[in-house]
Amino acid sequence: AQSVTQLGSHVSVSEGALVLLRCNYSSSVPPYLFWYVQYPNQGLQLLLKYTSAATLVKGINGFEAEFKKSETSFHLTKPSAHMSDAAEYFCAVSPPGYSTLTFGKGTMLLVSP
Amino acid sequence: DAGVIQSPRHEVTEMGQEVTLRCKPISGHNSLFWYRQTMMRGLELLIYFNNNVPIDDSGMPEDRFSAKMPNASFSTLKIQPSEPRDSAVYFCASSPSVGRGTDTQYFGPGTRLTVL
């Protein structure tokens with residue numbers, strides 16, 4: 001069975017500071033990994049995904065994530081936070097050959113001026 | 001493309017009433033997913049369809065919940081009878097392919113259900 005753990009239900013940063021949102025996965029086989037973002041009162045949209053190609057994945061809005069098999073991690077980073085980045089971020093895992101996603105509990109990113 | 005369309009966006013009903021949530025997936029997509037989002041349990045997969053056929057409904061909470069996909073462009077999630085603990089945001093999502101874990105799922109805006 002696949003599972004995802006997101007450390008920290010809330011992360012607060014100042015505008016311009018580094019954003020780091022943590023995600024660890026559990027899987028019996030190397031999975032596919034995703035980060036989705038949810039803005040208030042909206043559905044989820046894809047930020048980026050790892051599909052066994054390059055381990056460093058770049059996504060939209062300046063976000064990137066690195067797949068580290070030895071650490072079973074897929075942390076999301078952005079060098080400089082903007083106020084518009086305030087949202088909830090979800091890490092998700094999908095086993096190869098299956099189309100279903102298992103989501104983490106989410107991390108709310110708060111950005112202060 | 002208009003994206004995934006869900007209706008209604010908000011539904012307030014009384015305990016015991018029947019509730020029907022509707023979803024129109026992106027045209028040409030072959031997989032459709034229903035999720036429920038609550039503060040306590042996060043995002044849970046309820047059921048998913050491949051080519052209009054239900055594949056896994058193990059996430060459906062109980063027999064009060066049912067889902068159908070009569071054609072490639074329409075799906076419903078029905079709760080009968082509804083209970084206060086069903087209050088949540090229900091999302092529909094679609095993806096292009098069947099059985100490809102690399103596919104992006106495209107989410108609708110959700111239906112916020114409140115059962116009084």
Side-chain angles (χ1 to χ4, degrees), chain A residues 1-10 23 25 27-55 57 59-60 63 65 67 74 87-108, chain B residues 1-7 9-10 21 23-26 29-51 53-60 88-112:
Chain A
Q2 325 285 316
S3 67
V4 171
T5 302
Q6 292 184 240
L7 294 176
S9 58
H10 291 79
C23 172
Y25 68 90
S27 175
S28 56
V29 296
Y32 301 129
L33 293 157
F34 302 76
W35 276 100
Y36 281 81
V37 61
Q38 184 180 27
Y39 298 102
N41 300 314
Q42 295 187 26
L44 282 71
Q45 63 182 86
L46 182 73
L47 269 181
L48 50 81
K49 60 182 176 181
Y50 166 74
T51 58
S52 73
T55 57
V57 181
I60 62 172
F63 284 93
F67 172 69
F74 191 57
E88 190 159 20
Y89 292 79
F90 292 89
C91 184
V93 62
S94 174
Y98 293 85
S99 52
T100 57
L101 291 173
T102 300
F103 285 90
K105 295 290 189 185
T107 298
M108 184 69 72
Chain B
D1 200 313
V4 176
I5 298 172
Q6 292 188 246
S7 64
R9 292 293 310 276
H10 301 273
L21 311 182
C23 175
K24 177 179 169 56
I26 293 173
H29 281 195
N30 295 310
S31 294
L32 183 139
F33 308 83
W34 282 101
Y35 291 91
R36 179 172 66 175
Q37 185 178 38
T38 62
M39 290 291 291
M40 291 298 294
R41 301 174 67 91
L43 264 167
E44 305 172 277
L45 177 66
L46 300 178
I47 185 172
Y48 76 98
F49 296 82
N50 286 343
N51 296 320
V53 176
I55 301 302
D56 183 358
D57 65 355
S58 60
M60 297 285 260
V89 180
Y90 291 81
F91 288 103
C92 176
S94 68
S95 67
S97 305
V98 169
R100 282 186 58 188
T102 57
D103 268 1
T104 297
Q105 290 188 19
Y106 296 82
F107 283 74
T111 294
R112 183 174 296 275

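Letters A, B, ... are given to chains in the order of the sequence lines, protein chains preceding strands, and every chain is numbered from 1. Only this structure's heavy atoms are used, side chains among them; waters, hydrogens and symmetry mates stay out. Values in this document were obtained by computation on a predicted structure and should not be read as measured data.
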Side chain proximity check, [X] to [Y], heavy atoms < 4.5 angstrom:
X	Y	answer
A:Thr100	B:Asp56	no
A:Leu44	B:Gln105	no
B:Asp103	A:Phe34	no
B:Gln37	A:Phe103	no

Under 4.5 Å from any heavy atom of chain B, what part of [X] do you find: side chain, backbone, both or neither?
X	value
A:Gln45	neither
A:Tyr50	neither
A:Leu46	side chain

For this session: Go through the atoms of B:Met39 and report whether side chain, backbone, both or neither lie under 4.5 Å from a heavy atom of chain A.
Result: neither
Which atoms form the tightest heavy-atom contact between [X] and [Y], and what is the distance?
X	Y	value
A:Gln38	B:Phe91	NE2-CZ, 3.2 Å
B:Tyr35	A:Leu101	OH-CB, 3.9 Å
A:Lys49	B:Thr104	NZ-OG1, 3.1 Å

